[in-house]
Amino acid sequence: MATGFDPSGRLPDFFTNTGTSSFTQFLSQAAPEMLPGRRPLPPGLSGDIAPHGTTIVAIATADGVVMAGDRRATMGNLIASRDIRKVHPADSYSLIGIAGTAGIGIELIRLFQVELEHYEKIEGAMLSLDGKANRLAAMVRGNLGAAMQGLAVVPLFAGFDLSPIDSARAGRIFSFDIAGGLYEETGYEAIGSGSLFAKSALKKRYRAGVSTANAIKLAVEALYDAADDDTATGGPDVTRKIYPVVMTATAAGTQRLSDEDITTVAEQVVQGRMENPGG
């Protein structure tokens with residue numbers, strides 16, 4: 001039972017009074033133990049016993065942004081999952097991907113989705129893209145205690161800005177550190193253990209104003225390169241038909257690439273590497 005509940009069944013005042021537009025702040029009053037960063041942990045490091053997910057890439061395009069994530073989760077030197085999903089819609093015009101402790105990361109994504117929906121229902125308007133990024137930074141900061149014990153989560157946030165200062169940069173990308181530091185990236189970004197290799201691939205191939213279709217292929221190729229050098233990143237699995245999750249955020253909203261479309265792109269990338277392994 002949440003903290004402060006009356007045994008008679010009457011809802012506490014914070015349920016009936018005019019509340020805050022932040023669901024996270026409301027939850028900190030109603031049931032603080034449900035927040036990921038508020039849960040007590042045993043002493044010592046816990047990171048090695050929890051599955052970790054990597055790698056996520058995001059690319060700004062002429063129409064918005066593309067975000068893609070591999071499907072592997074690892075636990076030490078073992079593969080914990082081959083088909084985890086790490087890229088999700090945050091709301092109608094933004095995307096979020098996570099690297100780090102998988103369980104906490106997925107919980108953070110769900111909490112962030114509710115946070116944005118709660119704000120929109122209370123205020124009757126959608127948060128700006130900068131406002132969404134700031135809310136996510138505060139949530140990451142709230143998990144700092146767990147992060148220091150090895151249960152770190154680092155998100156990647158990107159979306160289509162409905163009110164951009166520069167119309168040529170409607171697609172924007174934000175990265176974070178484990179202390180909640182917020183940084184806007186230009187062009188592309190990657191997080192996770194394979195991010196060094198993914199960013200190295202994008203550095204040579206990315207061009208400003210790239211089309212969405214070309215950015216999707218660039219993202220899959222970057223994940224392929226990451227998997228080629230990082231054991232924690234899973235490449236396209238042709239045998240099991242497991243391919244990266246790829247999503248777009250444009251003026252038309254967020255959309256996940258269909259299984260048929262991503263299969264076509266992934267098989268093209270694999271075929272190209274058979275002819276030219278170095279890409």
Side-chain angles (χ1 to χ4, degrees), residues 51-61 64-89 95-100 102 105-106 109 154-156 158 173 187-207 210-250 254-279:
H52 281 64
T54 55
T55 300
I56 312 295
V57 300
I59 302 172
T61 73
V65 291
V66 168
M67 186 178 288
D70 80 303
R71 307 294 296 276
R72 179 175 292 177
T74 59
M75 191 163 57
N77 64 322
L78 301 178
I79 296 176
S81 175
R82 300 181 189 275
D83 59 356
I84 186 174
R85 181 180 175 187
K86 312 168 196 174
V87 177
H88 297 260
L95 306 168
I96 179 174
I98 57 101
I106 292 170
I109 287 175
V154 179
L156 187 60
I173 302 169
Y188 60 88
E189 178 62 6
I191 60 171
S193 64
S195 60
L196 173 64
F197 310 109
K199 284 195 283 188
S200 295
L202 291 172
K203 184 177 182 179
K204 299 296 183 182
R205 299 172 183 170
Y206 174 79
R207 297 293 182 272
V210 64
S211 68
T212 297
N214 287 337
I216 289 170
K217 187 174 182 183
L218 281 178
V220 176
E221 288 182 334
L223 290 174
Y224 187 105
D225 285 333
D228 202 31
D229 289 295
D230 174 44
T231 58
T233 303
D237 191 333
V238 179
T239 302
R240 297 181 178 88
K241 301 295 182 183
I242 300 173
Y243 301 113
V245 172
V246 182
M247 297 195 68
T248 62
T250 64
T254 59
Q255 182 177 6
R256 179 179 176 179
L257 219 64
S258 68
D259 291 340
E260 293 77 13
D261 289 341
I262 190 57
T263 297
T264 299
V265 174
E267 289 180 347
Q268 287 176 353
V269 171
V270 172
Q271 183 60 39
R273 294 308 176 92
M274 291 179 68
E275 299 170 2
N276 180 16

Worksheet item: So, the side chain of R85 versus the backbone of V87: is there a donor-acceptor pair under 3.5 Å, distance only?
Response: yes
Worksheet item: Does the R82 side chain pair with the main chain of R72, one donor and one acceptor, at a distance under 3.5 Å?
Response: no
Practice prompt. Can you measure from CZ (R256) to CE (M67) and round to the nearest 0.5 angstrom?
Written response: 14.0 Å
Worksheet entry | Spacing of CG belonging to L156 relative to CD1 belonging to I98, to within rounding of 0.5 Å | 11.0 Å
Fill in: Nearest heavy-atom neighbours spanning V220 and A266
CG1-CA, 4.2 Å
Fill in: T233 and T55 side chains, donor-acceptor separation under 3.5 Å
yes
Item to complete: Can you spot which of D230, T231, T74 makes a side chain to side chain donor-acceptor pair (under 3.5 Å) with S193?
Response: D230
Worksheet item: K241: what forms a salt bridge (charged side-chain N to carboxylate O under 4.0 Å, His left out) with it, not counting sequence neighbours?
Response: E267
Discussion item. Using the side chain to side chain donor-acceptor pair (under 3.5 Å) criterion, which residues pair with R240? Sequence neighbours excluded.
Written reply: D237
Practice prompt. Look up atom CZ in R71 and atom CG in L223, then write down how far apart they are to the nearest 0.5 Å.
Written response: 11.5 Å
Discussion item. When you compare the side chain of I106 with that of I84, does any pair of heavy atoms fall below 4.5 Å?
Written reply: yes
Worksheet item: So do the side chains of K199 and K203 get within less than 4.5 Å of each other, counting heavy atoms only?
Response: no
Discussion item. Could you check whether any side-chain heavy atom of Y206 comes within less than 4.5 Å of a side-chain heavy atom of I59, counting everything from C-beta outward?
Written reply: yes
Worksheet item: So, for T254 and A249, which heavy atoms are closest and what is the spacing to 0.1 Å?
Response: CG2-CB, 4.1 Å
Discussion item. Applying the side-chain contact (heavy atoms from CB on, under 4.5 Å) criterion to Y243, which one of D261, T263, D83, L257 satisfies it?
Written reply: T263
Worksheet entry | Closest approach of A58 to A158 (non-hydrogen atoms, all atoms of both residues) | CB-CB, 4.5 Å
Worksheet entry | L196 side, atom CG; D229 side, atom CG - distance, nearest 0.5 Å | 9.0 Å
Fill in: Over all atoms of both residues, closest heavy-atom pair of I56 and G69
CD1-CA, 3.7 Å
Response to the item:
CG of L202 to CG of D225, rounded to nearest 0.5 Å, is 8.5 Å
Item to complete: Measure the spacing between CZ of R205 and CD of E221 and express it to the nearest 0.5 Å.
Response: 4.5 Å
Practice prompt. Determine the minimum heavy-atom distance between P236 and Y224, stating which atoms define it.
Written response: CD-CD1, 3.9 Å
Practice prompt. Provide the closest heavy-atom pair for V57 versus A198 in the form atom of the first, atom of the second, distance.
Written response: CG1-CB, 3.7 Å
Fill in: Side-chain heavy atoms of I96 within contact of M247, under 4.5 Å
no
